[in-house]
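Beneath this line is the structure, given in structure tokens, with notes to follow.
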Amino acid sequence: MRPLRFPSRVNTRVTVHVAALAAVFAMATACGQSDEPEMDPGEVQLAAKADAQDITVSRAGNGYKRIRLDGAPAKDLWAVMENAGGFRAHEAGLSYLIGSYSLCATNGSQAACHVYSRQVEEQGSYDVTLHGKRFASAASELFGALAYAAGQDPAAQQEVRSEHITCAKDAQRVWCGINAAAAQAKTTLRVSFAGLPALGDDFVYEGWLITDSGPVSAGRFSDPQRFNLEVDAATAQAATLYVLTIEKAVGDDPGPSDTHILAGAFSQGWATLNTGHAAALGSDFSQASGGFILATPTSVATDDDDQGIWFLDPAGPAASLTLPTLPAGWAYEGWVVVDGKPVSTGRFTAASGADVDGAGSAAGAGGFPPFPGQDFINPALGLVGGKAVVSVEPNPDDSPAPFALKPLVGDITNAGAGVFQGLINKAAASAITGVARLDDGSVVELAVVANRGEGTLSIIDTESSVQLAKVALPAAGEPMYATYDAARGRIFVGDRANDAVVVFDADDFSVVASIPSGQGVFHMWDSPDDNALWVVNDVEKSLALIDQQNLTRVATVAIPADLAAAGGKPHDVIVDPYGHAVYTTIVGVPGKSVVLKLSTRTGQELARADVGGDAHLSVNAEQELLYVPSQEAGVVHVLRRRNLSELQRIPLPGAHGAGMSPDGSTLYVTNLPAGGAMALYTIDLKSGVITGAPVSVQSDGKPHNLAVSASGDELVLTHSGPTARRVSVFSLTGAEPQLVANIDSGTNPFGLVAFTR
């Protein structure tokens, strides 16, 4: 083997000792590398650009190609190999690193490297790409060096990167791309929507990241459910707002159009999107109101008043519609829906003054009032039995059909000519919302809270005690409880209003599915090893079994007939850590609750135990025990899971919701009847006694449910009630829980789940 020479720009030469190289290649051969490249690259001038480029490719011996790196890419590879613990030597003022397929030299300020690979391409998105076998190739060597330099196990990674080099692998092969320019750091923008309609063929949605330097396009798309995009990390860091616009599909201006539909400000990389933001429509239309009369002022006939509709108050006459002023890019439009078919009554921007088409093309020859409306004389169209609608429309309009935003709706009845008929505010039912997330890959500890009274989920960062975003349930849902499926990154939320379980993607909170579950959806619990989600249906007195992988209801288990006949109904549910049994509490039986143990395989009853009234459940994976807080009895029953025999009773007033620490050492229990006083108790499970004093917290509701973060450092507690809005976050790092923050979560925060993502 010939000696390798690295002449520098100052004519310093270094000879690599044959013995050292022989040792390296002997090791490589032992690992299956028997056909090494002929590593005599010739002269390598430090920091000199070959052919004015930092990356060049030439032929080398033994069927290899030589990739020469100078400048910044060479310094990058040197740093990678050095941090990975590469073979290093010093001679004649130079330092060098030697791999099986790579050579690098430096004089302390400049560097040059050669990489030898059989398969090299100089096309695509990188300046040069090399690929080879999963083991024994230049690509695999770079992959391993990048991983080790980052302190990672190469076997556990699928993609690794440095400033100029990116490598990825599958089971057989490895690919690496090298760029002369530093790879820009990327952030994934994840956006999901609820209620966003599909647009007409000539229009698309476009997202925008708003920075101090102006708007930056964040992608054009048509899917009204979700959209993901890699964006420059620096732009993501500078973004203060996300704005969604409607754009012409072809020939639009490169900047944002006037038709802003959703917007939201970023907080810790999350933004709740809605129409009410000032950068969108500026209103959620919840205060809109109005009405109409039936009349045909343009007709000479006296018996056709059911063929005209006018949005006015006959007492004036005066404007009947109370509507917020729309920004540029939007207009209102009146509609009548007859036999299921919508017919426009004209577009307008103000409640006073005629709409754009006056009395309409079907009107008679007479005059008409200066308010929105239309006569349907020729051809005649009877309106009684239909519906009147006021919608909010893009301008220019994407479609002749009504847009999704319909704040006012009312039945058209035969009340008589000129009789005022009111419209009902339906803004909430047609609301359009969304969530934008700038995902930089950081691990976050989250809690998702079901706001039962307003049909939303609050996403809370438990470490910073900050509410990051809100997500609306589809179909005006009523969220109850939530669980997290870590295997598939999904959140399951019980929807009592629609007798269903709604499944959300945990990365972008888009809706994956809505699964029919049964009447009276209440508590729920997942058993990940079995792909099983157990859901209480208290109205139909059963448990539903849902397959978490296939997202279908696969079984229904009715509670025992004797308990149902006594007025009992299932309430809480939990699965043992091994998935062999499911436990449920039966409430409503006079003077007590009943704990049932059921087989998860057959649904058959295995054991039962009487406990105090209004009982809930918690399980300890480290012990064969079941913990049953009973509010009415003021105790926590400790039962043996095997046969439900009672081991202990721990007195605790108003014992209700319970949450276990991740290590199973501590049980936290709420005192629901006490309101904000004596809200939270701590039980040491080793001794079985309450430790410290109960923690009180000012509350506008009752301390209800709780969840402990995956790290065990935080506890999140919901305060429930028809007008309650508070969620409390406690630190668990001290001797007893310390209140960190109270968060306005939403109306009636109820169930919740904590997890790491």
Side-chain angles (χ1 to χ4, degrees), residues 452 478 480-481 494 496-497 499 501 517-525 532-546 553 555-576 580-619 625-658 669-670 672-673 702 704-705 720 750-751:
R452 183 179 180 183
E478 182 186 4
M480 300 294 291
Y481 287 86
R496 191 173 180 90
D499 300 326
V501 172
S517 174
Q519 291 182 306
V521 172
F522 217 82
H523 280 273
M524 60 199 322
W525 192 267
L533 177 71
W534 290 87
V535 183
V536 165
N537 298 314
D538 65 0
V539 173
E540 65 180 47
K541 299 187 176 184
S542 69
L543 301 180
L545 175 59
I546 290 176
R553 176 175 173 172
T556 302
V557 179
I559 68 171
D562 64 315
L563 295 177
K569 59 183 180 180
H571 188 62
D572 203 356
V573 64
I574 205 166
V575 180
D576 77 27
H580 298 155
V582 56
Y583 302 86
T584 184
T585 58
I586 308 298
V587 300
V589 178
K592 65 180 180 180
S593 293
V594 178
V595 179
L596 285 179
K597 178 180 181 180
L598 306 173
S599 167
T600 55
R601 186 173 60 87
T602 66
Q604 292 182 330
E605 180 180 342
L606 301 176
R608 72 168 66 180
D610 291 346
V611 294
D614 199 358
H616 291 77
L617 298 167
S618 185
V619 68
L625 300 176
L626 191 68
Y627 295 88
V628 186
S630 166
Q631 179 181 324
E632 294 179 4
V635 300
V636 176
H637 301 271
V638 184
L639 308 182
R640 298 178 180 88
R641 291 206 306 265
R642 178 173 54 84
N643 58 9
L644 298 185
S645 60
E646 187 169 78
L647 177 67
Q648 182 186 6
R649 292 188 180 188
I650 304 172
L652 196 156
H656 194 88
V669 183
T670 61
L672 185 142
K702 296 182 177 181
H704 191 187
N705 295 298
S720 303
F750 212 73

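These numbers come from the heavy atoms of this one structure, side chains and all, not from hydrogens, waters or symmetry mates.
- A donor-acceptor distance shorter than 3.5 angstrom exists from the side chain of S593 to the backbone of G612, with no hydrogens or angles considered.
- With sequence neighbours excluded, the residues forming a side-chain contact (heavy atoms from CB on, under 4.5 Å) with V521 are S517, V535, N537, listed by chain and number.
- Between atom CG of residue L626 and atom NZ of residue K597 there is a gap of 9.5 Å, rounded to the nearest 0.5 Å.
- Qualifying side-chain contact (heavy atoms from CB on, under 4.5 Å) partners for P651, counting only residues two or more places apart in sequence or in other chains: none.
- Contacts of F750 classified as ring-ring contact (aromatic ring centres under 6.0 Å, His included), with partners at least two apart in sequence or in another chain: Y481, H704.
- To the nearest 0.5 angstrom, W525 atom CH2 is 11.5 Å from L533 atom CG.
- Sorted by first and then second residue, the salt bridge (charged side-chain N to carboxylate O under 4.0 Å, His left out) pairs with a member in residues 629-645 read E624-R641; sequence neighbours excluded.
- Residues V611 and V594 share a closest heavy-atom pair of CG2-N, 4.4 Å.
- A donor-acceptor contact shorter than 3.5 Å is absent between the side chain of Q631 and the backbone of H656.
- Between the side chain of S630 and the main chain of A615, no donor-acceptor pair closer than 3.5 Å is present.
- Partners of T585 by side chain to side chain donor-acceptor pair (under 3.5 Å), not counting sequence neighbours: none found.
- The side-chain hydrogen bond (donor to acceptor under 3.5 Å, both in side chains) pairs that include a residue from residues 562-576 are H523-D572, D562-R608, H571-H616, where partners are two or more places apart or lie in different chains.
- Minimum heavy-atom separation, L617 to P629: N-CD, 4.2 Å.
- Legend: residues meeting side chain to side chain donor-acceptor pair (under 3.5 Å) with D538, ordered by chain and number and at least two apart, are R496.
- Looking at every heavy atom in both residues, G520 comes nearest to V539 through CA-CG2, 3.5 Å.
- Between the side chain of T584 and the backbone N or O of V573, no donor-acceptor pair lies under 3.5 Å.
- Minimum heavy-atom separation, P570 to L543: CB-CD2, 4.3 Å.
- Between the side chain of T670 and the main chain of L672, no donor-acceptor pair closer than 3.5 Å is present.
- Within the model, atoms CG of L647 and CG of L639 stand 9.0 Å from one another, a figure rounded to the nearest 0.5 Å.
- Legend: residues meeting side-chain contact (heavy atoms from CB on, under 4.5 Å) with A564, ordered by chain and number and at least two apart, are K541, I559.
- For A497, the side-chain contact (heavy atoms from CB on, under 4.5 Å) partners two or more places apart in sequence, or in a different chain, are E478, D495.
- Looking at residues two or more places apart in sequence or on another chain, you find a salt bridge (Lys or Arg N to Asp or Glu O under 4.0 Å) between K592 and D610.
- When every heavy atom of A655 is checked against every heavy atom of V636, the shortest pair comes out as CB-CG2, 4.2 Å.
- Remark: K702 NZ is loosely packed, at most 12 non-hydrogen atoms of other residues, nucleotides or ligands lying under 6.0 Å away.
- Of the candidates I574, V575, L596, V582 forms a side-chain contact (heavy atoms from CB on, under 4.5 Å) with just one, namely V575.
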**OP:** For side-chain contact (heavy atoms from CB on, under 4.5 Å), just list the numbers for W534 and V557, CA-CA rounded to whole Å, side-chain angles, deciding distance to a tenth of an Å, and then say yes or no.
**Re:** CA-CA 10 Å; W534 290 87; V557 179; 4.1 Å; yes

